[in-house]
Amino acid sequence: MRLRIALRAILGLALLSAAGFGIWIASLPPASAALTPPQVPQGETDGLLAALKPPKRARPLVAIVGINDATETTDYLLPYGILKRADVADVVSLATEPGPVRLFPALSVQPDATIAALDAAHPQGADYVIVPAMSRDDDPAVIAWLRSQAGKGAVIVGICAGAKVVAAAGLLSGKRAVTHWYYLDEMRKIDPTISHVPDRRMVADGGVVTTTGITASMPMMLTLVEAIAGRARAEAVARELGIARWDARHASGAFALTRPFAATVLANRLAFWNHEELGIALAPGMDEISLALAADAWSRTYRSKVTTYAASGMVGTRSGIRLIPDRQDADWPRDRRVPAFSDGKPADVLDRTLDAITARYGASTADAVAMQLEYPR
């Protein structure tokens, strides 16, 4: 009798929870708007480039910082790969502590150095500090180091939700900024004095630059290349990447928590019997930009987890990132392999991956991934 009563109570709670979720989802907007990004005045573009001029060295030093336990995959790897291709600056990947950086939602890497090692080698500080999204906005080591670097004259660049980390360091007080659409309210709570700028992919104010979602790292780095080495060099790198334009245009209203997005994420999460582990093979010399975009996208379906595999230990990428495979396997079941699309232009990888996700899980899941990446598909 008691068991029957308990089971009825559990069933009742489950039904109430399901009803609550249903009411919440029904309250969300039916779809995001399909908007055309407004033009950015030339004076604003010129101001952004001026704000990104090298503050110290003719050949700048760019430091990309991360915490060891969870730093966003694309935010960390794309700046490194693009700036290394451009060869206009010395680039170093950092961690707060010795050892690997576990990226989120996929991949692990061995950074070039720790923040302490960079301070010892360059006591005058870096020219630019790239701040990816991290699992914690208030890591004490990161906060103290960002304040120190800003005090030494470094330009701080917050990528995506990395803007929250910059805000937590007090470097956005009273300034204009942007961040990933989902984390805008959180950034405002960290510092209510921040003024959000809609319809902009990148915003500079007082020695700090912030960007919108995860895919903003590519136009942001091309803008930095242009500021350092001129338009012609940025155009050459853009052609190599497969990018036609990289300005600050953005349609903020196209990205929001909508009913289709929430319903897809919830349905995929609850369908645990359909979840699968997908494998990406790591190979020496592979393109880290393409790898990051593919691994990031596949890991955001709420249906799949990406695992990397290689026949042996650490694998070096085209630009010198040292990848640490999740498994030391020479092979992977063929039906659960997904490509990193290293055979084409890096800028095309996300579209190719979203097409593959559509084929495997449906268009609604691909749309949900694009929304998470704040990708204007």
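We use all heavy atoms of the structure for the numbers below, so side chains are in, but hydrogens, waters and symmetry mates are not.
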### Chi angles and distances behind the salt bridge (charged side-chain N to carboxylate O under 4.0 Å, His left out) call for Asp331, Arg337
CA-CA 9 Å; Asp331 207 353; Arg337 296 181 200 169; 2.6 Å; yes

### Message
Quick check: closest heavy atoms across Pro111 and Pro100, and the distance to 0.1 Å?
### Response
CD-CA, 4.1 Å

### Task
Decide yes or no for Arg233 and Glu226: does some side-chain heavy atom of the first lie under 4.5 Å from some side-chain heavy atom of the second?
no

### Message
Using side-chain heavy atoms (C-beta onward) and a distance below 4.5 Å, is Thr223 in contact with Leu48?
### Response
yes

### Task
Show the numbers, then the answer: is there a salt bridge (charged side-chain N to carboxylate O under 4.0 Å, His left out) between Arg57 and Asp127?
CA-CA 7 Å; Arg57 304 167 179 87; Asp127 291 85; 2.4 Å; yes

### Query
Does atom NZ of Lys53 have more than 12 heavy-atom neighbours from other groups under 6.0 Å away?
yes

### Carboxylate-amine/guanidinium contact Asp69 Arg102, below 4.0 Å
no

### Query
Thr308 and Leu323: side-chain contact (heavy atoms from CB on, under 4.5 Å), yes or no, with the steps?
CA-CA 9 Å; Thr308 58; Leu323 301 167; over 6 Å; no

## Note on the structure
Residues Pro98 and Asn68: closest non-hydrogen pair is O-ND2, 3.6 Å

### Query
Should we count OH of Tyr309 as having more than 12 external heavy atoms under 6.0 Å?
yes

### Message
With a 3.5 Å distance limit and no angle check, can you tell me whether Gln372 reaches the backbone of Arg300 through a side-chain donor-acceptor pair?
### Response
yes

### Task
Give a yes or no on whether Leu103 and Ile64 share a hydrophobic cluster (residues Ile, Leu, Val, Met, Phe, Trp, Tyr; joining criterion: side-chain heavy atoms under 4.5 Å apart).
yes

### Message
I want to check something: taking the side chain as every heavy atom from C-beta on, are Val65 and Val129 in contact at a cut-off of under 4.5 Å?
### Response
yes

### Message
I'd like to know if the side chain of Thr215 reaches the main chain of Leu373, judged simply by a donor and an acceptor atom lying under 3.5 Å from each other, with no hydrogens or angles considered.
### Response
yes

#### Entry: Full working for side-chain contact (heavy atoms from CB on, under 4.5 Å) between Leu282 and Leu291
CA-CA 9 Å; Leu282 301 183; Leu291 171 65; 4.0 Å; yes

### Message
Using a 6.0 Å cut-off, check whether atom NZ of Lys305 has over 12 heavy atoms from anything other than its own residue.
### Response
no

### Query
Roughly how far, to the nearest 0.5 Å, is NZ of Lys345 from CZ of Arg239?
9.0 Å

#### Entry: Check: Trp145 side chain, Gln149 main-chain N or O, donor-acceptor pair, under 3.5 Å
no

### Task
Could you give me the CA-CA distance, side-chain angles and deciding distance for Leu257 and Leu28, then say whether side-chain contact (heavy atoms from CB on, under 4.5 Å) is met?
CA-CA 7 Å; Leu257 184 59; Leu28 296 174; 4.2 Å; yes

### Message
Quick check: closest heavy atoms across Trp181 and Ala256, and the distance to 0.1 Å?
### Response
CZ3-C, 3.4 Å

### Ser93 side chain to Asp112 backbone, donor-acceptor under 3.5 Å
yes

### Task
For the residue pair Ile214 and Glu374, establish whether any side-chain heavy-atom pair is separated by less than 4.5 Å.
no

### Summary
Correct closest heavy-atom pair for Ala86 and Val225 would be CB-CG2, 3.7 Å

### Query
Thinking salt bridges, do Arg327 and Glu277 make one under a 4.0 Å N-O criterion?
yes

#### Entry: Side chains of Ser217 and Asp75, donor plus acceptor under 3.5 Å
no

### Query
Cluster question for you: counting only ILVMFWY and a side-chain heavy-atom cut-off of under 4.5 Å, with indirect links fine, are Leu293 and Leu241 together?
yes

### Message
Centre-to-centre under 6.0 Å for Phe255 and His250, is that the case here?
### Response
yes

### Message
Tell me whether Val338 shares a hydrophobic cluster with Ile289, the cluster being built from Ile, Leu, Val, Met, Phe, Trp, Tyr side chains joined at under 4.5 Å.
### Response
yes

### Query
Do the side chain of Tyr128 and the main chain of Leu52 share a donor and acceptor less than 3.5 angstrom apart?
yes

### Query
Taking atom types as modelled and ignoring hydrogens, do the side chains of Thr212 and Arg201 form a donor-acceptor contact shorter than 3.5 angstrom?
yes

### Test log, rule side chain to side chain donor-acceptor pair (under 3.5 Å), inputs Tyr361 and Asn274
CA-CA 10 Å; Tyr361 301 135; Asn274 279 330; over 6 Å; no

### Query
Between Pro346 and Phe341, is any pair of side-chain heavy atoms under 4.5 Å apart?
no

### SB check Glu276 Arg360 (cutoff 4.0 Å)
yes

#### Entry: Note, Arg59 side chain near Ile228 side chain (heavy atom, < 4.5 Å)
no

### Query
How close do Thr193 and Gly174 get, heavy atom to heavy atom, and via which atoms?
OG1-N, 2.8 Å

### Message
One thing to verify: whether Lys175 and Asp205 come together as a salt bridge, which I'm taking to mean a side-chain N less than 4.0 angstrom from a carboxylate O.
### Response
no

### Message
Other residues, nucleotides and ligands only: do more than 12 of their heavy atoms fall within 6.0 Å of CZ on Arg231?
### Response
yes

### Query
When clusters are formed by joining ILVMFWY residues with side-chain heavy atoms under 4.5 Å apart, either directly or through shared neighbours, do Val349 and Tyr76 land in the same one?
yes

### Query
Got a second to check how far Leu78's CG is from Glu72's CD, nearest 0.5 Å?
9.5 Å

### Expected output: side-chain Asp326 to main-chain Thr307 donor-acceptor under 3.5 Å
no

### Task
Could you tell me whether the side chain of Thr211 and the main chain of Met202 form a donor-acceptor pair under 3.5 Å?
no

### Message
Rounded to the nearest 0.5 Å, what separates atom CD1 in Ile194 from atom CG in Leu184?
### Response
9.0 Å

### Task
Give a yes or no on whether a salt bridge exists between Asp138 and Lys164, defined as a side-chain N under 4.0 angstrom from a carboxylate O.
no

### Task
Decide side-chain contact (heavy atoms from CB on, under 4.5 Å) for Val237 and Leu222; before the verdict, give the C-alpha distance in whole Å, the side-chain angles of both, and the deciding distance to 0.1 Å.
CA-CA 8 Å; Val237 177; Leu222 284 170; 3.8 Å; yes

#### Entry: Test item: Asn268 side-chain N/O and Arg303 main-chain N/O as donor-acceptor pair under 3.5 Å
no

### Query
Is there a donor-acceptor pair under 3.5 Å between the side chain of Thr73 and the backbone N or O of Asp296?
no

### Query
Are Ser135 and Ile67 close enough that some pair of their side-chain heavy atoms sits under 4.5 Å apart?
yes

### Query
Side chain of Ser290, backbone of Asp287: donor and acceptor closer than 3.5 Å?
no

### Query
Would Leu61 and Ile159 show up in the same hydrophobic cluster when neighbours are defined by side-chain heavy atoms closer than 4.5 Å?
no

### Message
Less than 4.0 angstrom from a charged side-chain N to a carboxylate O is my criterion; do Arg352 and Asp355 meet it?
### Response
no

### Message
Between Arg188 and Asp185, does any side-chain N to carboxylate O distance fall below 4.0 Å?
### Response
yes

### Message
Contact between Val166 and Val208 at the side-chain level, heavy atoms closer than 4.5 Å - yes or no?
### Response
yes

#### Entry: Within 6.0 angstrom of Arg245 CZ, more than 12 heavy atoms from elsewhere
yes

### Query
For the residue pair His180 and Tyr183, is the inter-centroid distance of their aromatic rings smaller than 6.0 Å?
yes

### Task
Give a yes or no on whether a salt bridge exists between Lys84 and Glu288, defined as a side-chain N under 4.0 angstrom from a carboxylate O.
no

### Exercise: identify the closest heavy-atom pair between Phe261 and Ala368
CE1-O, 3.3 Å

